[in-house]
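Everything numeric here is computed off the predicted structure, so don't read it as measured data. Here, residue 1 is the first one in the sequence, and each next residue gets the next number.
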Amino acid sequence: MAGAVRVDLEAPLEVKNWRPLVNWLLAIPQLMVAGVLRTLRGVLMLIAFFAILFTKKIPRAIFDMAVMTMRYDWRVSTYALWMREAYPPFDFTPASDDPGGDPAALSIEYPEELNRWLPLVKWILAIPHFVVFALLLVAGIFVGFAAFFAVLFTGRYPAGMRTFIVGVNRYSTRLVAYVGFLRDEYPPFSLQP
């Protein structure tokens, strides 16, 4: 699964000191679009649930669109959390492989066949991951708060803090790919690529 779901950020650690103060404000239009896309992903996953149950496959168009919504969300998050300076593009290319051209990358391999019955129990099997993710999310909030002041005073995102936040997002993406019917492999308990 680690290789099937890839989440990365290739951006310089140097960030202008004022970015933590305004990036969230500049990101409001993007965050609104990301919210609409999350709703769309929920509808797509409902359709995917029944498609997998009856055909053991997720339609490629639905898969690509779901991955695009996750990629868009990731790009907007990296900007809103001042981990990059370039404004994320309003890019709605439905593709499972990241088309590139942006420092934030997210790709998920398309599965040729999925277990027909696994969608019925994935939520139960993922309970340990939900607990771990809740703890990681709390830690991520504290790390983000500390990074806010680090960038504000030094103009540099601490490498360890950014690596941790990217890792938490990678963990979250793997979990969403699993419970969202995009992959059948049980996600690893790891923040690493």
Residues L53, L120; criterion side chain to side chain contact (heavy atoms under 4.5 Å, CB included); working and verdict: CA-CA 9 Å; L53 206 56; L120 298 172; 4.2 Å; yes
Please determine whether side chain to side chain contact (heavy atoms under 4.5 Å, CB included) holds for the pair V7 and Y171, giving the CA-CA distance in whole Å, both sets of side-chain angles, and the decisive distance to 0.1 Å. CA-CA 9 Å; V7 177; Y171 190 93; over 6 Å; no
Residues M70, L182; criterion side chain to side chain contact (heavy atoms under 4.5 Å, CB included); working and verdict: CA-CA 11 Å; M70 295 170 74; L182 300 178; 3.7 Å; yes
With side chain to side chain contact (heavy atoms under 4.5 Å, CB included) as the test, would you mind laying out the steps for V15 and E85 before giving the verdict? CA-CA 7 Å; V15 180; E85 292 200 1; 4.1 Å; yes
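Cluster membership check: V151 shares its hydrophobic cluster with W18, using side-chain heavy-atom separations under 4.5 Å among Ile, Leu, Val, Met, Phe, Trp and Tyr. If you chain together hydrophobic residues whose side chains sit under 4.5 Å apart, I47 and I108 fall into the same group. Residues V131 and V168 do not share a hydrophobic cluster, clusters being chains of Ile/Leu/Val/Met/Phe/Trp/Tyr side chains in contact below 4.5 Å. Put simply, L21 and F153 are part of the same group of oily side chains (I, L, V, M, F, W, Y) that touch within less than 4.5 Å, one to the next. Criterion: ILVMFWY side-chain heavy atoms under 4.5 Å apart, direct or through other members. Under it, F133 and F130 are part of a common hydrophobic cluster.
One finds the CG atom of L137 at 9.5 Å from the CG atom of N169 (value rounded to the nearest 0.5 Å). The CZ atom of F92 sits 10.5 Å away from the CG atom of L40 when rounded to the nearest 0.5 Å. A distance of 12.0 Å separates CD1 of I165 from CG of L136, quoted to the nearest 0.5 Å. Expressed to the nearest 0.5 Å, how far CG of L31 lies from OH of Y79 amounts to 10.5 Å. Considering CD1 of I52 and CG of L118, their distance stands at 9.0 Å, rounded to 0.5 Å. The distance from atom CE of M68 to atom CG of L44, rounded to the nearest 0.5 Å, is 8.5 Å.
Comment: D184 does not engage K56 in a salt bridge, judged by the lack of any side-chain N to carboxylate O separation of less than 4.0 angstrom.
For R162 (side chain) and A11 (main-chain N/O), a donor-acceptor pair under 3.5 Å exists by modelled atom type. Looking at Y110, its side chain never comes within 3.5 Å of a backbone N or O of D97 through a donor-acceptor pair. In this structure, S107 contributes its side chain and D98 its backbone to a donor-acceptor pair below 3.5 Å. In terms of modelled atom types and a separation under 3.5 Å, the side chain of N23 and the main chain of L81 share no donor-acceptor contact. At distances below 3.5 Å, at least one donor-acceptor pair connects side-chain atoms of R84 with backbone N or O atoms of A86. Between the side chain of R170 and the backbone N or O of V5 there is no donor-acceptor pair closer than 3.5 Å. The backbone N or O of D73 sits less than 3.5 Å from a side-chain atom of S77, completing a donor-acceptor pair.
A heavy-atom distance below 4.5 Å is found between the side chains of R75 and D91. Considering only heavy atoms from C-beta on, V166 comes within 4.5 Å of W74 through its side chain.
More than 12 heavy atoms of other residues, nucleotides or ligands shown are found within 6.0 angstrom of CZ on F90. In W24, the CH2 atom is not crowded: 12 or fewer heavy atoms of neighbouring residues, nucleotides or ligands sit closer than 6.0 Å.
The side chain to side chain contact (heavy atoms under 4.5 Å, CB included) test with S96 singles out one residue from R71, M65, R60, and that residue is R60.
Taking the six-membered ring where the residue is Trp, Y186 and Y178 present perpendicular rings, their angle passing 60° and hence far from 30°. Using a 30° and 60° split on the angle between ring planes, Y157 and W82 fall in the tilted class, from 30° to 60°. Classification of the F145-F148 ring pair by plane angle, with boundaries at 30° and 60°, yields parallel.
The heavy-atom pair separating E109 from R183 by the smallest distance is O-NH1, 2.7 Å. Taking all atoms of both residues into account, the shortest heavy-atom contact from A104 to T78 is CB-OG1, 3.8 Å. Shown here for A159 and L13, the closest heavy-atom pair between the two residues is CB-CD1, 3.7 Å. S190 and R174 make their closest contact through O-NH1, 3.2 Å (heavy atoms, listed as atom of the first residue, atom of the second, distance). Closest of all the heavy-atom pairs between A51 and T55 is O-OG1, 2.5 Å. When all heavy atoms of I58 and F63 are compared, the closest pair comes out as CG2-CD1, 4.0 Å.
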